[in-house]
Amino acid sequence: MKYKKKTFCQLQVKLLTIQTLLTGWKISTSLQHQYHYVSDSKNWTEAQTFCRETYTDLATIENTEEMKQLINTVSSAGYNSDVWVGLYSKVEWKWSDGYTGSGAEFRSWETSDDEPDFVSANQFCVIIGGGGGWWDDDCSLKYPLICYRGTQLEPEYVLVNEAMNWSSAQRHCRENFIDLVTVRNDTENTEIQNLVPSGNWAWTGLSRDPNFYWSDQSNFSFSNLDNTANLIGSMRIICGVAALHRSGKWRFLPCERRLPFVCHSIPPPPVKRQVVKLKDEGGGLLCGSERPCCESWHPEKGKSPTSILKHFKWSHSCAQ
Ligand SMILES: [Ca+2]
């Protein structure tokens with residue numbers, strides 16, 4: 001039988017046993033964010049600028065492990081109080097009927113109670129009491145409601161003396177009247193407060209965006225919010241701290257407050273070194289770590305190890 005010798009790179013490979021050895025390719029279970037404590041006191045916006053210039057951004061915290069890591073980072077620097085993190089909340093009150101005309105900014109907060117006080121960072125809807133004061137409160141609580149019929153500019157107020165949560169109250173008003181009530185001045189406020197059942201409160205149409213935001217635009221999913229009050233006053237935005245003296249729990253302070261802060265950086269991905277060995281059916285090593293594969297045999301960039309193998313050329317030649 002005539003035997004035709006083939007050089008390595010002229011070899012017409014019909015069947016290859018492929019052995020792929022991946023070195024240093026492991027699924028990272030390490031933390032996504034690396035934290036950096038900065039002891040200089042800055043307001044939240046200045047801290048954000050510093051973090052963006054020096055690292056990646058003000059700290060985002062996405063799970064319990066990261067929370068522990070942040071606490072360790074700050075504690076080991078010997079600090080044990082409030083630090084700015086990247087968290088914030090928008091205080092944009094809106095009327096249920098969308099009213100934005102004259103008097104839309106009228107408020108009658110119960111200041112003797114420090115309202116709006118955003119207790120437990122979970123009060124996004126507004127009730128009115130019999131004394132005419134307003135409270136921000138948990139939208140899932142059940143109160144009577146005040147709707148209006150007629151028109152937005154010439155409303156007639158209607159008490160619905162049946163306790164329900166804010167969303168149900170809104171639906172009820174929209175289905176049976178026009179909407180939940182909008183309050184634009186003291187005269188209207190007095191008229192409405194007189195409808196509130198004695199010793200109780202009633203839902204108004206005022207509520208706000210219940211979402212929380214991170215400086216780096218990450219989705220807010222993990223929560224570590226404290227159950228304390230967060231005094232909002234007339235602020236349009238409130239900024240988040242981790243309170244080291246309260247197990248790192250989060251609460252909100254005026255963004256102008258000067259505090260130390262925590263930035264994060266994103267560690268570079270683990271080095272993905274790979275050694276590919278190709279063997280022919282007889283087990284002879286065609287190429288590998290000792291003898292580099294021809295260039296056209298190299299995996300395509302960005303492909304996973306599995307898909308890399310599909311992109312080898314089985315039959316080819318290249319210059320030795
Ligand atoms: Ca409140």
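In listed order, ligands and their atoms are each counted from 1. Hydrogens, waters and symmetry mates are skipped; everything else that's a heavy atom, side chains included, is used.
Here Glu46 pairs with Arg258 in a salt bridge; the nearest charged N to carboxylate O distance falls below 4.0 Å.
Checking Asp136 against the Ca ion (ligand 1), an N/O/S atom falls under the 3.0 Å cut-off.
Per residue Asp117, closest N, O or S atom to the Ca ion (ligand 1): atom name OD1. Considering just the N/O/S atoms of Glu115, the one nearest the Ca ion (ligand 1) carries the name OE1.
A 6.0 Å sphere centred on CD of Glu154 holds no more than 12 heavy atoms belonging to other residues, nucleotides or ligands.
With a 6.0 Å cutoff to the six-membered ring centre and a 45° limit on the axis angle, Lys42 does not count as a cation-pi contact of Phe261. A cation-pi contact, defined as under 6.0 Å to the ring centre and within 45° of the axis, is absent between Arg149 and Tyr157.
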